[in-house]
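Structure first, then comments.
When a ligand or atom number is given, it counts from 1 through the structure's own listing order. Start at 1 with the first residue, then count along the sequence.
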Amino acid sequence: MSYDVFGVGNALVDVQAKIDESTLNRLDFQKGVMTLVDDEVQQEVLTAIAGIDVSRCAGGSAANTIMGIVGFGGTASYACKVASDEIGQFFLQDMGKQGITVEVPTTEGQSGTCVILITPDAERTMLTSLGVSITLTPEDIQESAIRQSKFVYVEGYLFTQEPTRSAALKAIELAKKHDVKVAFTVSDPFLIQYHKDEFLSLIEGPVDLVFCNLDEARALTGKHDAVDCAHELHNHAENVALTLGGDGSVLMHEGAVIPIEGVEVSPVDTTGAGDMYAAGILYGITNGLTWKQSGRLASHAAARVVGQLGARLAQPFTEAEIQELIGD
Ligand SMILES: Nc1ncnc2c1ncn2[C@@H]1O[C@H](COP(=O)(O)OP(=O)(O)OP(=O)(O)O)[C@@H](O)[C@H]1O
Ligand SMILES: O=C(O)C[C@@H](O)[C@H](O)C(=O)CO
């Protein structure tokens with residue numbers, strides 16, 4: 001089996017709940033970002049929102065991107081770690097329904113979860129209990145699958161601890177060994193505080209395509225203007241995808257700035273916008289689309305995710321829609 005993309009990342013089951021501002025204030029977590037919590041805190045939050053309708057689905061940043069790629073008609077594999085508990089079984093089944101098999105064996109313990117609190121302004125505040133997700137090791141990275149992939153996609157979240165950091169580095173090393181391209185997402189601005197030097201050396205080194213949003217690009221480059229940030233990153237990385245929320249994105253490829261317009265939508269929930277954007281780009285460039293066409297597809301898909309609840313497209317794109325979107 002060959003793959004467009006081999007992803008490596010956390011395995012989380014997302015628990016999504018729409019809450020009001022006052023409930024979020026009471027819970028007192030930093031709005032709009034991801035906070036790592038232990039399972040005890042996670043359970044307290046779930047108790048605090050008991051009575052509110054929640055929905056569950058397989059999630060995690062790179063997992064969302066992998067599901068997006070397959071949703072467009074691409075092929076992908078995913079390396080991550082879940083436990084053999086109910087949450088882990090749910091994760092594997094949900095991925096399996098979309099044709100994504102996780103080859104990594106399950107382990108003892110508790111699977112990871114992410115409680116996503118969505119406020120009426122469409123902002124998402126995430127509380128992540130990583131569980132056994134943080135036990136993914138370099139031995140879990142399958143060389144044979146990487147060898148048969150066009151791209152390896154690694155999420156920055158893996159760099160927060162060992163052994164996931166080593167697992168990510170192993171995937172990158174194997175990609176380079178087999179001439180497979182490497183894409184990397186910075187994942188969250190908070191990571192740059194701790195991992196700026198390592199991320200910069202990856203971008204200057206093995207990474208062929210870097211994804212980041214404007215906050216992350218500013219923190220990495222020290223520049224302010226989006227195009228300046230993109231140029232600075234492109235001095236080191238062959239390809240750059242810099243996302244600008246509702247204002248669209250900027251791609252850098254072969255020295256050229258490729259601006260991609262945002263698509264207007266009434267925002268419902270921004271969860272997974274960046275993940276779906278990455279899915280559009282990776283699907284596009286591994287399936288013969290130009291960077292501009294890939295950008296258009298990514299922008300439309302990310303906007304569709306923002307206009308609905310959850311990181312997974314409730315209404316996937318048809319082949320005809322994709323053709324129409326990418327234009328000439
Ligand atoms: N309000 C919006 N309206 C339309 N498109 C949007 C909106 N917000 C985000 N997008 C689309 O999603 C892409 C990614 O958004 P953003 O720059 O916020 O990344 P991000 O911070 O990684 O997202 P997130 O972490 O919320 O998934 C944008 O480039 C754009 O195409
Ligand atoms: O960043 C987001 O908006 C969503 C995902 O990246 C997130 O990691 C998730 O789905 C949590 O499981």
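Among Ala278, Gly272, Ala62, the residue whose heavy atom sits closest to atom 3 (O) of ligand 2 is Gly272. Evaluated by nearest non-hydrogen atom to atom 1 (O) of ligand 2, the leading choice among Arg124, Met34, Met276 is Arg124. Checking Ser299, Gly295, Ser249 against atom 31 (O) of ligand 1, the nearest heavy atom belongs to Ser299. Between Ser187, Pro189, Gly274, it is Gly274 that holds the heavy atom closest to atom 24 (P) of ligand 1. Between Ala217, Cys212, Gly245, it is Gly245 that holds the heavy atom closest to atom 6 (C) of ligand 1.
An N or O contact shorter than 3.5 Å links Gly60 to ligand 2 by distance. Ligand 2 has no nitrogen or oxygen under 3.5 angstrom from a nitrogen or oxygen of Cys114. Not a single N or O atom of Tyr157, backbone or side chain, sits closer than 3.5 Å to an N or O atom of ligand 2. The N/O atoms of Ala298, backbone and side chain alike, include none that comes under 3.5 Å of an N/O atom in ligand 1. Considering backbone and side-chain atoms together, Asp14 places an N or O closer than 3.5 Å to an N or O of ligand 2.
Considering every non-hydrogen atom in both Val54 and Ala17, the closest pair reads CG1-CB, 3.8 Å. Minimum heavy-atom separation, Leu244 to Ala226: CD2-CB, 3.8 Å. Nearest heavy-atom pair, Lys31 versus Glu21, reported as atom, atom and distance to 0.1 Å: NZ-OE2, 2.8 Å. Shown here for Val152 and Ala175, the closest heavy-atom pair between the two residues is CG2-CB, 3.8 Å. Of all non-hydrogen atoms in Ala58 and Phe90, the two that sit nearest each other are N-CE2, 4.0 Å. Considering every non-hydrogen atom in both Thr113 and Leu12, the closest pair reads N-CD2, 3.9 Å.
The aromatic rings of Tyr157 and Phe190 lie tilted to each other, with the angle between the two planes from 30° to 60°. Phe317 and Phe72 have tilted rings, their planes meeting at an angle from 30° to 60° on a 0 to 90° scale. Ring geometry for His253 versus Trp291: interplanar angle under 30°, hence parallel rather than tilted (30 to 60°). Ring orientation note: the planes of Phe91 and Tyr78 are tilted relative to one another, at an angle of 30° to 60°.
Listed by number with element, the atoms of ligand 1 under 4.0 Å from a non-hydrogen atom of Gly272 are 27 (O). Listed by atom number, the atoms of ligand 1 under 4.0 Å from Val265 heavy atoms are 3 (N), 4 (C). In the vicinity of Val263, heavy-atom distances shorter than 4.0 Å reach the ligand 1 atoms 3 (N), 4 (C), 5 (N). For ligand 1, the atoms lying closer than 4.0 Å to a non-hydrogen atom of Gly248 are 28 (C), 29 (O). Here is the list of ligand 1 atoms found below 4.0 Å of a heavy atom in Arg124: 24 (P), 25 (O), 26 (O). Interface of Asp275 with ligand 2, defined as ligand atoms under 4.0 Å from a residue heavy atom, comprises 4 (C), 5 (C), 6 (O). Atoms of ligand 2 found under 4.0 Å from any heavy atom of Gly59 (numbered from 1 in listed order, with element): 12 (O). For ligand 2, the atoms lying closer than 4.0 Å to a non-hydrogen atom of Ser61 are 6 (O), 8 (O). For ligand 1 and Thr270, the ligand atoms under 4.0 Å from any heavy atom of the residue are 26 (O), 27 (O).
Counting heavy atoms closer than 4.0 Å to ligand 2, residue Asn64 contributes side-chain atoms (C-beta onward) but none from N, CA, C or O. Proximity of Thr243 to ligand 1, defined as any heavy-atom pair under 4.0 Å, is shared by backbone and side chain alike. The residue Asp188 has no part lying near ligand 1, judged by heavy-atom distances below 4.0 Å. At a 4.0 Å heavy-atom cut-off, ligand 1 does not touch Met276 at all.
The shortest separation from a heavy atom of Gly262 to ligand 1 is not under 4.0 Å, leaving the residue out of contact. For Ala311, the heavy-atom gap to ligand 2 stays at 4.0 angstrom or more.
The main-chain N or O of Gly248 is never found under 3.5 Å from a side-chain atom of Ser299 such that the two would form a donor-acceptor pair. Between the side chain of Ser111 and the backbone N or O of Ala83, at least one donor-acceptor pair lies under 3.5 Å.
For atom 13 (C) of ligand 1, the nearest non-hydrogen atom of the protein is Ala302 CB, 3.9 Å. Protein heavy atom closest to atom 21 (O) of ligand 1, with residue, atom name and distance, is Asn213 ND2, 2.8 Å. Ranking protein heavy atoms by distance to atom 2 (C) of ligand 1, first place goes to Gly246 CA, 3.5 Å.
Contact of the Glu155 side chain with the Asn10 side chain is registered, since non-hydrogen atoms from C-beta on lie closer than 4.5 Å.
For the residue pair Thr137 / Glu139, a side-chain donor-acceptor distance below 3.5 Å is found, with atom types taken as modelled. A donor and an acceptor atom, one from each side chain of Asn213 and Thr243, are nowhere located under 3.5 Å apart.
Heavy-atom neighbours of Lys176 NZ from other residues, nucleotides or ligands within 6.0 Å: above the threshold of 12.
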